[in-house]
Amino acid sequence: MSKEYRTIQEVAGPLMLVRGVDDVAYDELGEIELANGEKRRCKVLEIDDGNALVQLYEVSTGINLESSKVRFLGRSLELGVSEDMLSRVFDGLGRPIDGGPDILPEERRDINGLAMNPAARDYPSEFIQTGVSAIDGLNTLVRGQKLPIFSASGLPHAQLAAQIARQAKVVGTDEPFAVVFAAMGITFEESNFFIESFQETGAIDRAVLFMNLANDPAVERIATPRMALTAAEYLAFEKGMHVLVILTDITNYADALREVSAARKEVPGRRGYPGYMYTDLATLYERAGRQRGRNGSITMIPILSMPEDDKTHPIPDLTGYITEGQIILSRDLYRKGVQPPIDVLPSLSRLKDKGIGDGKTREDHANTMNQLFAAYARGKDAKELMVILGEAALTDIDKLYAKFADEFESKYVSQGYRTDRSIEETLNLGWDLLRILPRTELKRIRDEYLDKYYDR
């Protein structure tokens, strides 16, 4: 039986100081029992000469220094995992909130996970179809990849996240596929939107949802993505499933990290975020990947809203260093009514070449992708020129490129949040758009593919 301490010295915000403790370790889970028998959870942040500084997972109201007692449980925060988690909704600390029964766990796992040995990692190489042309055709997602979405406040990243979660699949195989969805610091309306969106399409059957609301404590927000990744690791590496993990919104997570760091009076780094934020984000992102000798995989799409639309802000900046590319949403396209407003030119998937081509998507994929990028870039230049000099200044071929850019945005990028396009449809649509240009302009595509697809 663990020892009880009635030596709470002070409570300051989410922190509490307990004096005279022994045999207590960093990150250990504790339980506070109030005078009325109510129990709350906490974890040890630091130990110094028998004094333990602990962080509360719930609010500190009602904790009486005289009559409350603390016991330490000898383990860190754990999640009970089992295949029954599929189709269920949990709060940020892994407790069911969908009205269903508690999970009977097959095992309990530390939510901090174990780092994957770099030598045991397998290179990402298989294509994942999201049904979104701007991603599948141009910034392809590969199984085991970490591909963040950089959004901004007011842009529809929630709709895009729900769409990808509903539609994602591994094409051409019947391997088991699951989605683990973790939302941090979202509003009640957003939480409802995600849950209903999963339920109405039946996607909930292969999904595990973790919901941390904006009014939940900041400490819970720090645990939420770790809960989700622990569930994902179990499904992927124990049950052989291919798991897509969607984390939204990383900005709320980083703000919670800053809040707790400030409460601990740590020296702040850039913009007040803790100096260890890079390391902390890496402990999340690096849990994605594939392992040699294991069937399952974890592919991750973290979503973050860039404060003030600023790509150089610490959160997108550090995320960009750790992950393999980024999908960027554009306010200009959003104002034009493009849905989803994915800006394909600055977006990038560093592993896309590994997941496309003959046997994975189609033999013409790489060529058409390069040609679409080039034509869209030139079309945008032509449109800018038109704004400055007027249409009369453009050559006939420039006008075709400007027309191509408009059609590309309205037909290829803008597909709405309910359209699920197969990779074949996406590639054929690319060819339909390239036929706006004369064949002599398509210098990035091999003649054999032009003969086969352009002249069709």
Side-chain angles (χ1 to χ4, degrees), residues 1-81 90-97 102-103 105 107-114 184-185 210-228 230 253 255-267 274 276 280 283:
M1 182 67 191
S2 51
K3 212 162 152 188
E4 287 186 350
Y5 297 96
R6 290 179 179 269
T7 50
I8 300 174
Q9 186 70 21
E10 62 175 308
V11 178
L15 303 181
M16 186 173 83
L17 186 65
V18 187
R19 289 209 183 284
V21 301
D22 55 16
D23 203 22
V24 171
Y26 168 73
D27 219 22
E28 190 173 322
L29 199 59
E31 201 171 62
I32 306 156
E33 192 176 325
L34 308 192
N36 62 3
E38 184 191 338
K39 288 182 178 169
R40 296 186 191 166
R41 291 200 275 187
C42 59
K43 76 167 182 176
V44 179
L45 285 184
E46 54 188 71
I47 301 284
D48 178 30
D49 266 358
N51 297 333
L53 182 68
V54 301
Q55 185 169 358
L56 307 173
Y57 277 112
E58 285 100 348
V59 289
S60 58
T61 44
I63 295 179
N64 182 323
L65 302 189
E66 300 291 316
S67 55
S68 302
K69 51 193 180 192
V70 186
R71 71 177 67 86
F72 295 99
L73 307 178
R75 56 183 171 85
S76 53
L77 196 54
E78 292 175 334
L79 177 67
V81 288
F90 302 90
D91 70 1
L93 288 176
R95 296 172 293 215
I97 52 170
D102 283 349
I103 298 289
E107 57 178 286
R108 301 194 72 81
R109 292 192 162 199
D110 184 337
I111 63 163
N112 295 306
L114 289 169
M184 295 158 279
F210 291 87
M211 295 288 167
N212 164 271
L213 300 181
N215 61 345
D216 289 331
V219 189
E220 184 178 308
R221 205 155 301 148
I222 293 172
T224 305
R226 292 180 168 80
M227 290 278 171
T230 304
Y253 170 82
D255 286 345
L257 211 58
R258 176 166 68 176
E259 194 179 316
V260 171
S261 170
R264 290 173 66 175
K265 298 186 169 59
E266 291 172 338
V267 178
Y276 51 78
D280 193 279
T283 60

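The shortest non-hydrogen separation linking A52 to I47 is CB-CD1, 3.9 Å. In terms of heavy-atom proximity, Y276 sits nearest to S261 at OH-CB, 3.8 Å. When every heavy atom of G94 is checked against every heavy atom of L79, the shortest pair comes out as CA-CD1, 4.0 Å. Of all non-hydrogen atoms in L15 and A263, the two that sit nearest each other are CD1-O, 3.1 Å. Minimum heavy-atom separation, P105 to G80: CB-CA, 3.5 Å. Across every non-hydrogen atom of N51 and R19, the tightest pair is ND2-NH1, 2.9 Å.
Within a 6.0 Å radius of CG in D23, other residues, nucleotides and ligands contribute 12 heavy atoms or fewer.
A salt bridge does not link R258 to D280: none of the charged nitrogens lies less than 4.0 Å from a carboxylate oxygen. The residues R221 and E259 are annotated as not salt-bridged, no charged nitrogen and carboxylate oxygen being separated by less than 4.0 angstrom. Salt-bridge formation is detected for the pair K69/E4: a Lys NZ or Arg NE/NH1/NH2 atom is positioned less than 4.0 Å from an Asp or Glu carboxylate oxygen. In summary, D22 and K3 engage in a salt bridge, as defined by a charged side-chain N under 4.0 Å from a carboxylate O.
Of the possible polar contacts, one joining the E28 side chain to the G74 backbone as a donor-acceptor pair under 3.5 Å is found.
Counting heavy atoms from C-beta on, the side chains of P274 and L257 come closer than 4.5 Å. Side-chain contact check for V44 versus V21: every heavy-atom pair is 4.5 Å or farther apart. L77 is not listed as a side-chain neighbour of K43, based on a closest heavy-atom distance of 4.5 Å or more.
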Item to check | L65 vs Q9, side-chain contact (heavy atoms from CB on, under 4.5 Å): CA-CA, chis, key distance, verdict | outcome: CA-CA 7 Å; L65 302 189; Q9 186 70 21; over 6 Å; no

Next on the checklist: side-chain contact (heavy atoms from CB on, under 4.5 Å), that's the test. Do L29 and F72 meet it? Break it down for me.
Outcome noted: CA-CA 6 Å; L29 199 59; F72 295 99; over 6 Å; no

Checklist entry - Could you go step by step and tell me if S76 and D27 meet the side-chain hydrogen bond (donor to acceptor under 3.5 Å, both in side chains) rule? => result CA-CA 6 Å; S76 53; D27 219 22; 5.0 Å; no

Next on the checklist: Before you tell me yes or no, could you show the steps for M16 and I32 under side-chain contact (heavy atoms from CB on, under 4.5 Å), namely the whole-Å CA-CA distance, both residues' side-chain angles and the distance that decides it to 0.1 Å?
Outcome noted: CA-CA 10 Å; M16 186 173 83; I32 306 156; 3.7 Å; yes

Checklist entry - Stepwise, does the side-chain contact (heavy atoms from CB on, under 4.5 Å) test hold for T283 with N112? => result CA-CA 8 Å; T283 60; N112 295 306; over 6 Å; no

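L93 contributes atom CG, which lies 12.5 Å from atom CZ of R226 (distance to the nearest 0.5 angstrom). Separation of atoms CG (N64) and CG (L34) is listed at 9.0 Å; rounding is to 0.5 Å. Taken from OG in S60 to CD in E10, the straight-line distance is 12.0 Å, to the nearest 0.5 Å. In this structure, CD in E78 is found 9.5 Å from CG in L73, a value given to the nearest 0.5 Å. To the nearest 0.5 Å, the span separating CE on M227 from CD on E220 amounts to 8.5 Å. In this structure, the separation between OG1 on T224 and CG on D216 is 7.5 Å, given to the nearest 0.5 Å.
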